[in-house]
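Contents: one structure, followed by commentary.
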Amino acid sequence: MNDTHSLELKISKFLRFGVLLAGFLMLIGIIIRFKWHGDPFFNFQFYDQIPFQKILEHHLKFGHWGQLISYLGLIVLISLPVLRVLLTAILFIAQKDYLLAFIAIIVLVSLALSFTLGIEHS
Amino acid sequence: MSILILIFISTVAGLLGSILGIGGGMIVVPALTIFFNVDIRYAIAASLISIIATSSGAAASFLKDHLTNLRLAVLLEIGTVVGAIAGFLISGQINSSALFILFGGFLLFTSFSMFRKKNDFISNNDHPWSQKLKLAGEYTNEKGQLIAYKIENVPLGLSIMLLAGMLSALLGIGSGVFKVMAMDGAMKIPMKVSSATSNFMIGVTASASAGAFFLRGDIRPAIACPVSLGIIMGAWLGARLMPKMPTQLIRKIFIVVLLIVAVQMLAKGFKL
């Protein structure tokens with residue numbers, strides 16, 4: 001049982017670190033962009049669907065580092081729970097609990113599926 | 001300037017969230033839509049990101065305390081993720097007013113459920129699924145006693161998780177209140193374990209739809225980053241200050257605030 005506990009602790013530390021990393025990236029992103037003019041939320045009053053790929057191309061083209069780093073922070077944050085499920089699956093395999101590991105993998109696959117839905121719909 | 005105000009509000013949201021055990025989404029989405037006039041869709045997408053932040057931070061401490069039932073969490077996550085997928089798919093078809101009304105209704109429901117008294121059960125009946133997957137567990141209570149518990153009504157719990165997942169994707173919330181309801185209400189799991197496991201699961205639920213929203217382009221850093229930063233700081237502060245806080249008083253104030261905000265959200269939905 002102590003093996004489980006120490007593995008769980010490792011997952012804990014990993015999550016904590018991930019949140020801090022994401023936060024750090026987002027902070028840098030905001031600071032770089034700090035020269036926002038006027039009301040930064042002006043553009044968000046009305047919903048306008050622009051696929052992420054287009055947004056990414058735009059920022060890359062103009063070298064908007066602040067935005068790009070912010071997006072990186074967001075990506076780190078979104079992937080944390082996914083990685084967590086993966087680590088949990090590995091934990092179950094280490095405990096030779098194959099049924100539960102299988103269930104964890106189903107969750108993982110469902111998560112991957114849900115992400116792709118965002119692309120199809122753009 | 002607005003960015004700093006947003007960070008501040010999000011910090012308060014994170015603080016309250018960790019003290020009261022609620023997600024910050026219930027504060028963030030109304031704040032963004034009512035104060036900053038952000039379209040509710042962007043608000044919801046940004047809120048989901050902050051939910052992931054809170055959950056991952058909280059998950060870390062609950063794993064340490066060994067309250068989280070990891071096995072149960074993984075099983076129930078099937079329900080929440082499928083629900084989140086469904087919620088995301090619906091979100092494309094539903095209009096803003098409906099979202100406001102749904103959100104207002106949810107806030108009302110939450111404020112009423114915060115009123116009711118919580119009885120803690122320990123169940124001795126293990127549902128067949130729980131036996132097969134060995135979900136039952138034990139935890140250490142405040143007095144340091146090791147308490148074993150069993151789990152009932154697993155299919156019902158899973159179904160409620162489907163609903164929880166859907167609402168999470170539709171409203172940008174963690175749906176913790178439904179998850180706890182499923183676990184301690186339907187499955188008769190001790191309160192502390194329910195809360196810890198629910199907090200642990202919330203991140204995965206949010207991530208399911210957050211990824212889709214992200215690729216659809218709905219998550220805008222200008223909104224999501226200040227919110228996330230605020231929530232991370234607030235949650236950290238909340239964890240430190242929690243022992244010294246008058247929780248019951250804060251709870252009562254929060255219920256009142258929730259009711260006021262619920263009415264405002266409903267009003268926006270009905271275009272009053």
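Naming: A, B, ... by sequence-line order, numbering from 1 per chain.
Nearest heavy atom pair, residue A:V107 against residue B:V74, reads CG2-O, 3.6 Å. Taking each heavy atom of A:Y47 and B:D39 in turn, the nearest pair found is N-OD2, 3.2 Å. Between B:I52 and A:L77, the shortest heavy-atom contact is CG2-O, 3.3 Å. The two residues A:S114 and B:A212 make their nearest non-hydrogen contact at O-CB, 3.2 Å.
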Open item on the list: Walk me through whether B:R220 and A:F44 qualify under side-chain contact (heavy atoms from CB on, under 4.5 Å).
Closed with: CA-CA 9 Å; B:R220 300 300 170 95; A:F44 301 121; 3.4 Å; yes
- [ ] Test side-chain contact (heavy atoms from CB on, under 4.5 Å) on A:F46 and B:V38 and set out the steps.
- [x] CA-CA 7 Å; A:F46 299 104; B:V38 171; over 6 Å; no
Open item on the list: Run A:Q45 and B:F36 through side-chain contact (heavy atoms from CB on, under 4.5 Å) and show every step you take.
Closed with: CA-CA 8 Å; A:Q45 284 180 48; B:F36 294 97; over 6 Å; no
TODO: Might you work through the side-chain contact (heavy atoms from CB on, under 4.5 Å) test for A:S110 and B:I78, ending with a clear yes or no?
DONE: CA-CA 8 Å; A:S110 314; B:I78 296 183; 5.7 Å; no
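For chain A, the option among B:S96, B:A224, B:G203, B:G217 with the highest count of heavy-atom pairs below 4.5 Å is B:G217. Per-residue heavy-atom pair counts under 4.5 Å with chain B were compared for A:S70, A:G18, A:S79, and the maximum is reached by A:S70.
The parts of B:I219 that come within reach of chain A are both its backbone and its side chain, each placing non-hydrogen atoms under 4.5 angstrom from that chain. Both the backbone and the side chain of B:V204 come within contact range of chain A, each with at least one heavy atom under 4.5 Å from a heavy atom of that chain. Contact annotation for B:I223: both backbone and side-chain heavy atoms come within less than 4.5 Å of a heavy atom of chain A. The part of A:L99 that comes within reach of chain B is its side chain, from C-beta onward, which places non-hydrogen atoms under 4.5 angstrom from that chain. In this structure, no portion of A:F14 lies under 4.5 Å from any heavy atom of chain B. For A:L80, the part lying under 4.5 angstrom from a heavy atom of chain B is the side chain only. Proximity to chain B (any heavy atom under 4.5 Å) is restricted, for A:D97, to the side chain, taken from C-beta onward. Only the side chain of A:I55 comes within less than 4.5 Å of a heavy atom of chain B; its backbone N, CA, C and O stay farther away. At a 4.5 Å heavy-atom cutoff, the contact between B:I232 and chain A is made by side-chain atoms alone. When heavy atoms are compared at a cutoff of 4.5 Å, A:V19 approaches chain B by way of both its backbone and its side chain.
Within a 6.0 Å sphere centred on CD of B:Q131, heavy atoms belonging to other residues, nucleotides or ligands number more than 12.
In this structure, B:L229 CG and A:I30 CD1 are separated by 5.0 Å, a value rounded to the nearest 0.5 Å. Once rounded to the nearest 0.5 Å, the distance linking CD1 of A:I78 with OG of B:S209 reads 9.5 Å. To the nearest 0.5 Å, atom CG of residue A:L100 and atom CG of residue B:L72 are 9.5 Å apart. With rounding to the nearest 0.5 angstrom, the CZ atom of B:F200 is 6.5 Å from the CG atom of A:L15. Note that SG of B:C225 and CD of A:Q67 are 10.0 Å apart. Values are rounded to the nearest 0.5 Å. Separation of atoms OG (B:S228) and CG (A:L27) is listed at 12.0 Å; rounding is to 0.5 Å.
Taking the six-membered ring where the residue is Trp, the centroids of B:F214 and A:F115 are separated by 6.0 Å or more.
A:P51 places none of its side-chain heavy atoms less than 4.5 Å from the side chain of B:L215. With a 4.5 Å cut-off on side-chain heavy atoms, A:L91 and B:L70 count as touching.
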